[in-house]
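Here's the structure we're looking at; comments come further down.
Letters go in sequence order (proteins before strands), and every chain restarts at 1. Remember, predicted model here, so these are calculated numbers, not experimental data.
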Protein chains: 2
Amino acid sequence: MKLSTKGRYAVTAMMDLAINDRNGPVTLAEISSCQGISLSYLEQLFAKLRKARLVEGVRGPGGGYRLGKPSNSISVAEIILAVDETIDSTQCQGAEDCQSGDRCMTHKLWEDLSVRLYEFLNGITLSDFIKRPEVKRISVQQNSTSNRINKMFQPVARAS
Amino acid sequence: MKLSTKGRYAVTAMMDLAINDRNGPVTLAEISSCQGISLSYLEQLFAKLRKARLVEGVRGPGGGYRLGKPSNSISVAEIILAVDETIDSTQCQGAEDCQSGDRCMTHKLWEDLSVRLYEFLNGITLSDFIKRPEVKRISVQQNSTSNRINKMFQPVARAS
DNA sequence: TAATTCCTGAGTGATTTACTGGGTATTATA
DNA sequence: TATAATACCCAGTAAATCACTCAGGAATTA
């Protein structure tokens, strides 16, 4: 679980797709000017997102990118993993006795933390972002995961 | 909120200090051979940790590093922020109308996610790691934050 | 005084980031 | 059918970061 600007670019771009899902495909050129990232760099990122089946491209005029799955089944963790290839957990990959036997169990502790972090980010989906405050009241009786992050909902308005 | 191997090094090193807190200061040489990181690199990391008052150095023979605060008041988020200097949130830093007005609100959404992530990591302290399973039963009536990560507790035994 | 440790800084190869610029493949539409 | 808009692909590159070596100092203890 690594987290850098690259991951942020991917997540925000995916948010963009999720928000404009029903307006047809979103072009990379739009996202590029929107987010201030170069088009070629976006292409690299979307190549990875495509391999992970998180998006699908539509060629030709009027084309662009669409989500590969419904937005409520795409988690932030998935996006980051697709783009920011994971950290090599340590030299002593799971080996019980790294270097000096019972010492150095911090590696195991880190791994547990890492899993915790993953589970947290995996509990946040794209659809949690595209809901509007009016929807919030209705979604209260949903599962606890989406309730936990209800506070970050924002109204959405995109110029065409 | 950035997260790389650098942050992992810092967190595991701090875990090491927390575990061996009552055995006197821990030397960087120990951590170095333990974690397989070069001593000079550790020195660079600890310079930052020291500036953030998270550790304090003890010079001379028998010296080393100690925690700068009680382990229950040092969060994982603090450590990471001290070492992995934060991501520049975006060009349009908080400016209401980035580039094309009402568009591009994904930045705001990302920031909300970022805050969420920070709060999560800030709720996990070093002391949550150094507890042993026997302590687990007792700590049940503690605050909810530490209960949430009870499952990652492990017995600790360090060779002297 | 000597050994041990923290502390500081300069320099370096490797990797990652983010970009430029060249193309090809597909498709809507004029 | 021709053209333009788009995804897709690949090679190269400047800058930043990562992780390290080396080379010393400064403080403390034995």
Rounded off to whole Å, could you give me the CD-to-P distance for the Gln44(B) and dC20(D) pair? 10 Å
Distance check needed: dA16(D) C1' versus Tyr41(A) OH, whole Å only. 12 Å
Could you tell me whether the phosphate oxygens of dC18(D), OP1 or OP2, come under 4.0 Å of any side-chain nitrogen or oxygen in Lys2(B)? yes
Whole angstrom value for the distance that separates P of dC9(D) from CZ of Arg59(A): 7 Å
Leu28(B) CG to dT4(C) C1', in whole Å, measures 13 Å
Heavy-atom nearest nucleotide on DNA chain D for Arg50(A) versus Pro61(A): which residue maps closer to 5'? Pro61(A)
Tyr41(B) and Tyr9(B) aromatic ring geometry - parallel, tilted or perpendicular at 30°/60° bounds: perpendicular
Looking for any heavy atom pair under 4.0 Å, which part of the strands does Leu39(A) touch: base, sugar-phosphate only, or nothing? nothing
Between the side chains of Asn122(A) and Ser75(A), is a donor N or O closer than 3.5 angstrom to an acceptor N or O? yes
Do Phe129(B) and Val76(B) have side-chain heavy atoms sitting under 4.5 Å apart? yes
Under 4.0 Å: is that the gap between some side-chain N or O of Thr5(A) and OP1 or OP2 of dT17(C)? no
Identify which one of Thr125(A), Val55(A), Leu67(A) satisfies the side-chain contact (heavy atoms from CB on, under 4.5 Å) criterion when paired with Ile74(A). Leu67(A)
Which whole-number value in Å describes the distance from Leu45(A) CG to dT17(C) C1'? 10 Å
Could you tell me whether the side chain of Glu43(B) has a donor or acceptor atom within less than 3.5 Å of a complementary atom in the base of dC6(C)? no
In whole Å, what is the span from the NZ atom of Lys48(A) to the P atom of dA7(D)? 19 Å
Same cluster or not: Leu121(A) versus Phe120(B), using hydrophobic residues (I, L, V, M, F, W, Y) connected whenever any side-chain heavy atoms lie under 4.5 Å apart? yes
In this structure, how many angstroms lie between the P atom of dT8(C) and the CG atom of Leu49(B), rounded? 13 Å
Touch check for Tyr65(A), heavy atoms < 4.0 angstrom, all strands: base, sugar-phosphate only, or nothing? sugar-phosphate
In whole angstrom, what separates Asp84(B)'s CG from dT17(C)'s P? 13 Å
Look at the side chain of Ser40(B) against the base of dC22(D) and say whether a donor-acceptor pair falls under 3.5 Å; ignore hydrogens and angles. yes
Please classify the nucleic acid contact of Thr27(B) as base, sugar-phosphate, or nothing, using heavy-atom distances under 4.0 Å. sugar-phosphate
